[in-house]
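Hydrogens, waters and symmetry mates play no part in the numbers below; they use all other heavy atoms, side chains included. Quick note on labels: first sequence line is chain A, next is B, and so on, each numbered from 1.
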Amino acid sequence: MPELPEVEFVARQLRETLPGRRITAVETRWERSIQGMEPAEFAAEVSGRVVTQVGRRAKYLLLTLDDGRLLIIHRRMSGNLLLWAPDDPEPLYTRVVFTLDDGRRLAYTDPRKFGRVALAAPDALPAAFATLGPEPLEDAFTPAALATRLAGHAGAIKAVLLDQRVVAGLGNIYADEALFRAGIHPLRSAASLTAEEITRLHAGIQGALTTGIAHGGTTFGRHRDIYNEAGVNLEHVEVYRRTGQPCLRCGAPIERIVVAQRSTHFCPHCQPPHPASSNGGSQARRSKRAK
DNA sequence: CTATAAACCTGCTGGC
DNA sequence: TGCCAGCAGGTTTATA
């Protein structure tokens with residue numbers, strides 16, 4: 001479930017709460033939620049450590065410990081991190097519990113059990129980290145950088161945007177939103193996009209992500225922040241899960257197709273299938289015959 | 001390489 | 001009301 005905005009929002013909350021706190025105990029309720037070592041070893045290694053920093057890379061949440069190692073959490077489809085006050089009952093679907101030295105606890109909850117918690121040294125990160133693409137909200141991510149990443153990918157742009165090696169952090173919601181903002185059909189070949197389209201896509205990616213973060217992420221099911229509050233970005237999405245509803249720009253009904261096994265939503269008028277001509281985005285009209 | 005499917009899991013929703 | 005098919009924010013692995 002969580003994509004970059006949902007992970008980033010939670011990282012920001014944890015950053016105000018966790019640094020300086022010591023983890024005094026770790027309990028595992030579902031063994032496979034711990035990756036790479038036995039739960040007992042994990043508990044022994046993590047217990048007693050102080051959290052010094054909170055960070056994020058792609059959809060991974062990174063807690064730096066005072067021995068330099070990283071607690072790496074990936075929520076996958078249904079994971080949440082909930083701050084759990086001493087008097088409250090244990091949250092549903094709790095898989096791992098971190099007890100803090102102020103008496104509060106941080107619960108990793110995950111009904112579907114896809115998410116993973118791991119401990120790793122900075123120079124021995126999980127293999128996936130080595131191939132992650134650029135962070136789309138960092139300065140180095142320019143339209144030219146995006147163009148470089150897309151070059152050579154003949155597949156559908158929607159599928160390419162979901163590839164974490166191309167750009168890190170986009171998932172199904174924000175890929176659809178970014179393509180709508182850019183006026184690009186999800187089945188267009190990534191390699192076929194013009195420089196102008198890539199510039200619009202770059203802006204669409206950043207716009208969709210920052211909007212998502214500003215609204216606490218998109219919740220239509222399970223995403224919650226550390227205080228168990230839902231994000232409200234679902235009220236601000238333009239195409240995701242809006243099948244059959246009128247496009248907010250032109251009124252045409254939003255369509256749903258399947259791309260790379262994922263539900264894909266787009267406006268058939270604002271995101272035309274083939275060429276870049278007759279673009280619904282109202283801008284980009286004249287550059288066609290310039291050459 | 002690209003592409004598609006299946007696996008990992010459980011819960012929720014909508015249709016009949 | 002009850003049951004069942006289908007769907008869900010992600011990633012990895014296996015197969016063409």
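Heavy-atom nearest nucleotides on DNA chain C were determined for A:Tyr60 and for A:Gly221, and the one closer to the 5' end corresponds to A:Gly221.
Atom CG of A:Asp110 is separated from atom C1' of B:dC8 by 11 Å (rounded to the nearest Å). For A:Asp163 and C:dT13, the CG to P distance is 15 Å, given to the nearest whole Å. As rounded to whole Å, 14 Å separates atom P of B:dA3 from atom NZ of A:Lys158. Rounding to whole angstrom units, CZ of residue A:Phe129 and C1' of C:dT12 are separated by 15 Å. Rounded to whole angstrom, the span from the CD atom of A:Gln35 across to the P atom of B:dC9 amounts to 13 Å. Across the protein-nucleic acid pair, A:Trp30 atom CH2 and B:dC8 atom P stand 12 Å apart, rounded to whole Å. As rounded to whole Å, 15 Å separates atom P of B:dC8 from atom CE of A:Met77. One can place CG of A:Leu162 at 14 Å from C1' of B:dA3, the figure rounded to the nearest angstrom.
Of the candidates C:dA8, C:dG10, B:dC9, the closest approach to any side-chain atom of A:Ser263 belongs to C:dA8. Considering only the side chain of A:Lys59, C:dT11 comes nearest among C:dT11, C:dA8, B:dG11. Out of B:dT2, C:dG10, C:dA8, the shortest distance to the side chain of A:Arg241 is found at C:dA8.
In this structure, A:His153 does not reach the B:dC1 phosphate: none of its side-chain N or O atoms is under 4.0 Å from OP1 or OP2. Regarding contacts with the backbone of C:dG6, every side-chain N or O of A:Arg256 stays at 4.0 angstrom or more from both OP1 and OP2. Distances shorter than 4.0 Å separate none of the side-chain N or O atoms of A:Arg222 from OP1 or OP2 on B:dT10. Regarding contacts with the backbone of B:dG11, every side-chain N or O of A:Ser78 stays at 4.0 angstrom or more from both OP1 and OP2. Look at A:Gln164 and you'll find a side-chain N or O under 4.0 angstrom from OP1 or OP2 of C:dT11. At the phosphate of C:dG10, OP1 or OP2 sits under 4.0 Å from a side-chain N or O atom of A:Arg262.
Against DNA chain C, the stretch residues 111-121 of chain A makes heavy-atom approaches under 4.0 Å through A:Arg112, A:Phe114.
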(message) Show me the dot-bracket string of DNA chain C, counting Watson-Crick or G-U pairs under 3.5 Å, with | for pairs to another strand and [ ] for crossing ones.
(response) .|||||||.|||||||
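Heavy atoms of A:Ala159 sit nowhere under 4.0 angstrom from any nucleic acid atom. Base engagement by A:Gln261 is indicated by at least one non-hydrogen atom pair under 4.0 Å involving a base atom. At the heavy-atom level, A:Ala154 lies under 4.0 Å from the strands shown only through sugar-phosphate atoms. Counting non-hydrogen atoms under 4.0 angstrom, A:Tyr93 reaches the backbone sugars and phosphates but no base.
Within 6.0 Å of CD in A:Gln245 there are more than 12 heavy atoms belonging to other residues, nucleotides or ligands. Counting heavy atoms of neighbouring residues, nucleotides and ligands inside a 6.0 Å radius, atom CD of A:Glu31 does not exceed 12 of them.
For A:Arg249 and A:Phe180, the positive end sits near the middle of the six-membered ring, less than 6.0 Å away and at most 45° from its axis. A:Phe129 does not carry A:Arg57 over the face of its six-membered ring by the limits of under 6.0 Å from the centre and within 45° of the normal.
The side-chain contact (heavy atoms from CB on, under 4.5 Å) test with A:Ile72 singles out one residue from A:Leu125, A:Leu63, A:Val117, and that residue is A:Leu125. Applying the side-chain hydrogen bond (donor to acceptor under 3.5 Å, both in side chains) test between A:Thr211 and each of A:His236, A:Glu177, A:Arg181, A:Glu238 identifies A:Arg181 as the sole match.
Without hydrogens or angle criteria, A:Asp176 side chain to A:Val239 main chain gives no donor-acceptor distance under 3.5 Å.
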(message) Would A:His74 and A:Phe114 count as a ring pair (Phe, Tyr, Trp, His ring centres under 6.0 Å) here? Give the steps.
(response) CA-CA 9 Å; A:His74 197 305; A:Phe114 287 169; over 10 Å; no
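Taking a cutoff of 4.0 Å between a charged side-chain nitrogen and a carboxylate oxygen, A:Arg56 and A:Glu135 qualify as a salt bridge.
A side-chain donor-acceptor contact under 3.5 Å links A:Ser263 and A:Arg256.
For the P atoms, the distance linking C:dG6 with B:dC9 amounts to 22 Å, nearest Å.
In this structure, CG on A:Leu65 lies 7.0 Å from OG1 on A:Thr52, to the nearest 0.5 angstrom.
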